[in-house]
Asks: 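Just dropping this structure here.
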Amino acid sequence: MSLITESKDLLPINIGGEMRLGGGDESATLYPATGEVVARLRAPSLADVDEAIARADHAFRTSGWAQRKPHERAAVLYRVASLIRERAEPLAQRQRLDNGKPINETRALVASAAATFQFFASACETLEETITPSRGDFMTMSVYEPMGVVAAITPWNSPIASEAQKVAPALAAGNAVVIKPAEATPLMALELAAICEEAGVPKGLISVLPGRGSVIGDAITKHPLVKRVSFTGGTSTGKHIAHIAADKMMPVSLELGGKSATMVLDDADLDHAVNGVLYGIFSSSGESCIAGSRLFVARKLYNEFLQRLSVRAAALRVGDPADERTQMGPLITAKHRESIERYVELGRSEGASVRTGGARPQGELYARGNYYMPTILEGVKNTDQICQQEIFGPVLVAMPFDNEEDLIAQANDSVYALAAGIWTRDYKRAWRIGRAVQAGTVWINTYKQFSISTPFGGWRDSGLGREKGRLGILQYMEQKSLYWGLNEQPLAWAN
Ligand code: NAP
């Protein structure tokens, strides 16, 4: 595995199992806390993209990976999980440098990646095919086949975990995988591919093609040998990919943006709700698709709740991602911070007042990093742009609500429908609201908890398809029906 220490050398990328410099533009990955260069590499050229996909297709057809018995493929994936665990700390440190998340979060992402490989290894071993009820002189069964070359296109906010979520089921299903990590965070995908090869995934079956999405991601998506794209990222990119997929008649899964509603009812346990709301929006500095970024609080609690929340938000420990006590690190890039600042200005122009935050933190520690304070805006309407658009940063909009009907209508009044949170002591209300709210995931008296066994995805502009869960492996397989004739006589029609 590559060292954490900075190097002036250009980092090779994985083109069809060959580690070499890409033929495209040079780019650098910067440590968001200081702006220092962590690594430099050259993106693939379009010829490199073609070569990587051709090699992946060749490896799919000739390496025997897809033909290995499920327990043999699973054994390799279990080894991937073990290797990730053995190297957990250096991987977590490298990811911290790559995207600036606090070390405790990157440790959790690395642990999650290992667990994902373990889970899909077992899904591969235990996947069942079915004998279906026949309605004639034949036996019928339904089986699954791998697809060939599939693409995994991932964003910068949770590398290694996002990549594992796509690569593990794709490999378990017998496919070849081309990974297109975000240009800003290419390092973990390269590490993961190296670990997969070390564990026994045939060379060429995995490629890592970092580079600008509009060029490299586009070329991968359009490539005729790519049979499926699993994409995580913004909604507009997701729609663009869906258009290309429609032309190719190619299945896609799209894990997209969100503006998730968190609802604090008048009977909520406020200690739990305050902690949950803070964690829901400000962990990962709000750079999270499922961030609980729209807060609705029962009017009678509103002032007390906002008071408690804003005091606690202002006290969050924003700072050095290497410090284990840090709760919020820097944002991914200076450009992204500027976009968040523009959103806060937009909110102000729409009449929002800033309850807390709304500025960069001051002091030596923050001088070179892309830091922003946890921010709460209020005095807004759910129909305002600040309440409708995804900010993808540490900005919460807060609104009071009057009754359940009003709450549900507002919570569902969004193009997004990724997640929601409900805080109440009344399980019947939680059930009612939990069923009425339109979202792929609803948390009740908790938030942002995950299980690899539980399917994940969004409705409406938040996405298409589901990842994770035991049947997540089927996203990467084609279903086939087999009919076995059992008739004693030739088919009568032709007589
Ligand atoms: P993004 O701009 O859509 O980028 C995501 C990935 O797509 C990157 O690798 C990007 O490459 C690539 N890409 C960009 N244009 C492309 C194109 N024309 N064809 C193919 N690939 C292309 O999203 P982002 O700003 O990096 O990530 C934040 C977004 O992701 C937010 O909206 C967030 O909610 C969403 N997200 C969703 C989930 C979920 O599970 N629902 C999880 C995490 C994040 P480059 O960056 O290198 O250009």
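Order of listing sets the numbers, starting from 1, for every ligand and every atom in it.
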Asks: If you count the atoms of ligand 1 from 1 in the order shown, which ones are under 4.0 Å from a heavy atom of Gly211?
Replies: 47 (O)

Asks: For ligand 1, which atoms, with element, lie under 4.0 Å from some heavy atom of Ile241?
Replies: 20 (C)

Asks: What I want to know is whether Trp156 and ligand 1 share at least one N or O pair that is separated by under 3.5 angstrom.
Replies: yes

Asks: Looking only at N/O atoms, are Phe456 and ligand 1 under 3.5 Å apart anywhere?
Replies: no

Asks: Taking Arg42 first and then Glu26, would you say they form a salt bridge - that is, a charged N and a carboxylate O separated by under 4.0 Å?
Replies: no

Asks: With a 4.0 Å cut-off on heavy atoms, is Ser158 in contact with ligand 1?
Replies: no

Asks: With respect to atom 46 (O) of ligand 1, which of Ala182, Ala219, Gly457 exhibits the smallest heavy-atom separation?
Replies: Ala182

Asks: Can you name the nearest heavy-atom pair linking Pro374 to Val318, along with the distance?
Replies: CD-CG2, 3.8 Å

Asks: With atoms numbered from 1 as shown, which atoms in ligand 1 lie under 4.0 angstrom from a non-hydrogen atom of Asp218?
Replies: 18 (N), 19 (N), 20 (C)

Asks: Purely on distance, is any nitrogen or oxygen of Leu256 under 3.5 Å from one on ligand 1?
Replies: yes

Asks: On the six-membered ring of Tyr366, is Arg360 placed so that its NZ or CZ lies under 6.0 angstrom from the centre and within 45° of the ring axis?
Replies: no

Asks: Is there a donor-acceptor pair closer than 3.5 Å between any side-chain N or O of Asn370 and the backbone N or O of Arg337?
Replies: no

Asks: Please report whether ligand 1 has a polar contact with Gly234, defined as an N or O pair separated by less than 3.5 Å (distance criterion only).
Replies: yes

Asks: Between Tyr279 and Tyr447, is the ring centre distance below 6.0 Å?
Replies: no

Asks: Under 4.0 Å from a heavy atom of Thr237: which atoms of ligand 1 are those, numbered in the order shown and with their elements?
Replies: 1 (P), 2 (O), 3 (O), 13 (N), 14 (C), 15 (N), 16 (C), 17 (C), 22 (C)

Asks: Report yes or no: does Ser462 contribute a side-chain atom to a donor-acceptor pair with the main-chain N or O of Gly257 at less than 3.5 Å?
Replies: yes

Asks: Got a sec: does the CG of Asp25 have more than 12 other heavy atoms crowding it under 6.0 Å?
Replies: no

Asks: For ligand 1, note which part of Ile220 has a heavy atom under 4.0 Å away: side chain, backbone, both or neither.
Replies: neither

Asks: Does atom CZ (Arg466) have a neighbourhood of more than 12 heavy atoms from anything else shown, all under 6.0 Å?
Replies: yes

Asks: Report yes or no: does Trp423 contribute a side-chain atom to a donor-acceptor pair with the main-chain N or O of Val297 at less than 3.5 Å?
Replies: no

Asks: Could you measure the distance from the CG atom of Leu225 to the NE2 atom of His223? Nearest 0.5 Å is fine.
Replies: 5.0 Å

Asks: Verify the contact flag for atom 4 (O) of ligand 1, where contact means a protein heavy atom under 4.0 Å away.
Replies: no

Asks: Report yes or no: does Ser214 have a heavy atom closer than 4.0 Å to ligand 1?
Replies: yes

Asks: If you measure from the Lys or Arg side-chain nitrogens to the Asp or Glu carboxylate oxygens, is any gap between Lys203 and Glu197 under 4.0 Å?
Replies: yes

Asks: Below 6.0 angstrom between ring centroids: does that apply to Phe450 and Trp443?
Replies: yes

Asks: Please determine whether the number of non-hydrogen atoms from other residues, nucleotides or ligands lying under 6.0 Å from atom CZ of Arg470 exceeds 12.
Replies: no

Asks: Nearest protein heavy-atom contact for atom 17 (C) of ligand 1: which residue, which atom, what distance?
Replies: Gly213 O, 3.3 Å

Asks: Here's a test for you: under ring-ring contact (aromatic ring centres under 6.0 Å, His included), which of Tyr343, Trp156, Tyr372 qualifies with Phe392?
Replies: Trp156

Asks: Give the numbers and elements of all ligand 1 atoms closer than 4.0 Å to a heavy atom of Gly233.
Replies: 3 (O), 5 (C), 23 (O), 29 (C), 30 (O), 32 (O), 35 (C), 36 (N), 37 (C)

Asks: Taking all heavy atoms of Pro102 and all of Thr326, pick out the closest pair and write down the distance.
Replies: CB-O, 3.8 Å

Asks: Which protein heavy atom lies closest to atom 27 (O) of ligand 1, and at what distance to 0.1 Å?
Replies: Pro155 CB, 3.5 Å

Asks: Taking non-hydrogen atoms only, is Thr232 closer than 4.0 angstrom to ligand 1 via side chain, backbone, both or neither?
Replies: both

Asks: Find all atoms of ligand 1 within a distance of less than 4.0 Å from any non-hydrogen atom belonging to Glu183, and give their numbers and elements.
Replies: 45 (P), 46 (O), 47 (O)

Asks: Only heavy atoms of Pro181, strictly under 4.0 Å: list the atoms of ligand 1 that pass.
Replies: 9 (O)

Asks: Are any of the N or O atoms of Lys180 closer than 3.5 Å to those of ligand 1?
Replies: yes

Asks: Starting from atom 36 (N) of ligand 1, find the nearest protein heavy-atom neighbour and note its residue, name and distance.
Replies: Cys289 CB, 3.5 Å

Asks: Would Glu105 and Ser284 count as a side chain to side chain donor-acceptor pair (under 3.5 Å) if you check the C-alpha gap in whole Å, the side-chain angles of each, and the deciding distance to 0.1 Å?
Replies: CA-CA 8 Å; Glu105 282 194 39; Ser284 306; 2.7 Å; yes

Asks: What protein heavy atom sits nearest atom 28 (C) of ligand 1, and how far away is it?
Replies: Phe392 CE2, 3.6 Å

Asks: What protein heavy atom sits nearest atom 20 (C) of ligand 1, and how far away is it?
Replies: Gly217 C, 3.3 Å

Asks: Would you kindly specify which portion of Ser162 sits under 4.0 Å from ligand 1, judged on non-hydrogen atoms: side chain, backbone, both or neither?
Replies: neither

Asks: Number the atoms of ligand 1 from 1 as they appear, then name those within less than 4.0 Å of a heavy atom of His240, with their elements.
Replies: 18 (N)

Asks: Please work out whether any backbone atom (N, CA, C, O) or any side-chain heavy atom from C-beta onward of Thr154 is under 4.0 Å from ligand 1, and answer side chain, backbone, both or neither.
Replies: backbone

Asks: For Glu390, is at least one N or O under 3.5 Å away from an N or O on ligand 1?
Replies: yes

Asks: How far is atom 7 (O) of ligand 1 from its nearest protein heavy atom, and which residue and atom is that?
Replies: Phe231 CE1, 3.1 Å

